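Here the structure is laid out as structure tokens; the discussion comes afterwards.
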Number of protein chains: 2
Amino acid sequence: MNARHSEGTATPPASGERSMREVRIVAGVTGPIADPRVLCPVRDVLDRLGDAWSVLVILRLGDGAMRFNALKRAVGAISQRMLTVTLRSLERDGLVTRTVFPTNPPQVEYALTELGASLAGPIGALADWAVTHRDRITSERRRYDAGETDRSSP
Amino acid sequence: MNARHSEGTATPPASGERSMREVRIVAGVTGPIADPRVLCPVRDVLDRLGDAWSVLVILRLGDGAMRFNALKRAVGAISQRMLTVTLRSLERDGLVTRTVFPTNPPQVEYALTELGASLAGPIGALADWAVTHRDRITSERRRYDAGETDRSSP
DNA sequence: CGGCATCCTCTAGGATACTG
DNA sequence: CAGTATCCTAGAGGATGCCG
């Protein structure tokens, strides 16, 4: 057999949870999208947080202001270039402040703005979901990879 | 002057909100990261949702099961290839089901699983944040781009 | 209708080296 | 210390064409 069944048709609105439909409306996804980069608030945020390092940097700055190299060590495998690029873009969006102390050698401190700190909510929601469901996803993934022959053999 | 001040040092824990530090612990970001793709739950989810189309597809499927081409039309500017790729990977993670009806011509229906539907929470949180702060970000961005000369001229 | 397979492009991002 | 500049590669993703 080639078809995989389950759920049939619907999206269960779940018990006390928010409906995906409601979220779609809030997200402004009501018609076809011309360009994935425009007109969708959720995509805006994901463009902002979806890159490899932004969230890791934000989480580190959540503990308080840090200087460039300390931040680099704390984050880990990030390259100097990417830390610079990431911080610039976070600064541009008003999520992070950059303060230069004209000492010698120079000291530069980065810190979350209130706007940046307010991301704790959304990021926390993602973290909770991830922690709750990661085992499930891992097993689903294994199952899928195991039954791969279903797709090619009749 | 070259330094931009604000906030000084700390991350305000805000009124009744969640602290970024707590989120960091939940996210498992307690030591330096060797590879951004491993050991951080939040990064796992963002790798999953951060691409250009996944969330848009998920939001569409939130209204109920859809066939391939209907979904393609609904989403908009997505290419056939990327819709296929996105759906495969969502299916692999157990977020979406794929049901083949052996009619002629063939019909294939996609639907959210319960696991996929449970993303309404986190995605909703992102959407709310985005809608609330998008104007602020836009203006911050404009302000930054305007004062750009500060960085190069002494 | 619902796909693969192929080709081609463009960007994210690492490595390295130099500076105020 | 905290960058900037340059070079280079891998992978994301569009366009196109063929197939059951």
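Model, not experiment: these values are computed from the prediction. Order of the sequence lines sets the chain letters (A, B, ...), proteins ahead of strands, with each chain counted from 1.
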Task: Over all atoms of both residues, closest heavy-atom pair of A:A27 and B:L59 - done: CB-CD1, 4.1 Å

Open item on the list: Using whole Å, what does the distance between atom P of nucleotide C:dC1 and atom CG of B:L87 come to?
Closed with: 16 Å

Task: Nearest-nucleotide comparison on DNA chain C, the residue closer to the 5′ end among B:R81 and B:A70 - done: B:A70

TODO: Rounded off to whole Å, could you give me the CD-to-P distance for the B:E109 and C:dG3 pair?
DONE: 12 Å

Task: Among C:dG13, C:dG2, C:dA5, the nucleotide that comes nearest once only the side chain of B:Q80 is considered - done: C:dG2

TODO: In whole angstrom, give the distance that lies between atom CE of B:M66 and atom P of C:dG2.
DONE: 11 Å

TODO: Tell me which nucleotide among C:dG2, C:dT6, C:dG14 gets nearest to the side chain of A:S79.
DONE: C:dG14

TODO: Mind checking the CG-CG spacing from B:L90 to B:L87? Nearest 0.5 Å is all I need.
DONE: 6.0 Å

Open item on the list: Using a heavy-atom cut-off of 4.0 Å across all strands, would you classify A:R67 as base, sugar-phosphate, or nothing?
Closed with: sugar-phosphate

Open item on the list: Checking side-chain contact (heavy atoms from CB on, under 4.5 Å) between B:F68 and each of B:R73, B:R98, B:Q80, B:E109, which is the one that passes?
Closed with: B:Q80

Open item on the list: Which heavy atom of A:R60 sits nearest to which heavy atom of B:P32, and what is that distance?
Closed with: NH2-N, 3.9 Å

Open item on the list: Both A:P106 and A:T84 contact DNA chain D. Which one's nearest nucleotide lies toward the 5' end?
Closed with: A:P106

Task: Spacing between B:D47 atom CG and C:dG13 atom P, to the nearest angstrom - done: 11 Å

Open item on the list: Within this structure, what is the CZ-OG distance for the pair A:R43 and B:S54, rounded to the nearest 0.5 Å?
Closed with: 8.5 Å

- [ ] May I have the distance from A:L83 (atom CG) to C:dA15 (atom P), rounded to whole angstrom?
- [x] 14 Å

Open item on the list: Does a side-chain N or O of B:R88 approach OP1 or OP2 of C:dG3 to a distance below 4.0 Å, or not?
Closed with: yes

Open item on the list: Can you give me the closest heavy-atom contact between A:P105 and A:T103, atom names plus distance?
Closed with: O-OG1, 2.8 Å

TODO: Respond yes when some side-chain nitrogen or oxygen of B:Y110 is under 4.0 Å from OP1 or OP2 of C:dC1, and no when none is.
DONE: no

Open item on the list: Taking the nucleotide of DNA chain C with the nearest heavy atom to each, does A:D51 or B:F68 sit closer to the 5' end?
Closed with: B:F68

- [ ] Quantify the bending of the helix from C:dC1-D:dG20 to C:dG20-D:dC1 as the angle between its end axes, each fitted on five pairs, to 10°.
- [x] 40°

TODO: Among D:dG14, C:dG13, C:dC4, find the nucleotide with the atom closest to the side chain of B:M82.
DONE: D:dG14

Open item on the list: Any side-chain to backbone donor/acceptor pair from A:R48 onto A:S89? Under 3.5 Å, distance only.
Closed with: yes

Task: Phosphate OP1/OP2 of D:dG3 contacted by A:R98 side-chain N/O (<4.0 Å) - done: yes

Task: Heavy-atom closest contact (A:D63 atom, B:R21 atom, distance) - done: OD1-CG, 3.2 Å

TODO: Take atom NZ of A:K72 and atom P of C:dG14, then tell me their distance rounded to the nearest Å.
DONE: 10 Å

Open item on the list: Can you tell me which nucleotide in D:dA2, C:dC1, C:dG2 comes closest to the side chain of B:V108?
Closed with: C:dG2

Task: Length of the CH2-C1' vector between B:W53 and D:dA12, whole Å - done: 13 Å

TODO: Return the nearest nucleotide to the side chain of A:N69; candidates are D:dG13, D:dC1, D:dG3.
DONE: D:dC1

TODO: Specify the separation, in whole Å, of atom CG of A:N104 and atom P of C:dT19.
DONE: 18 Å

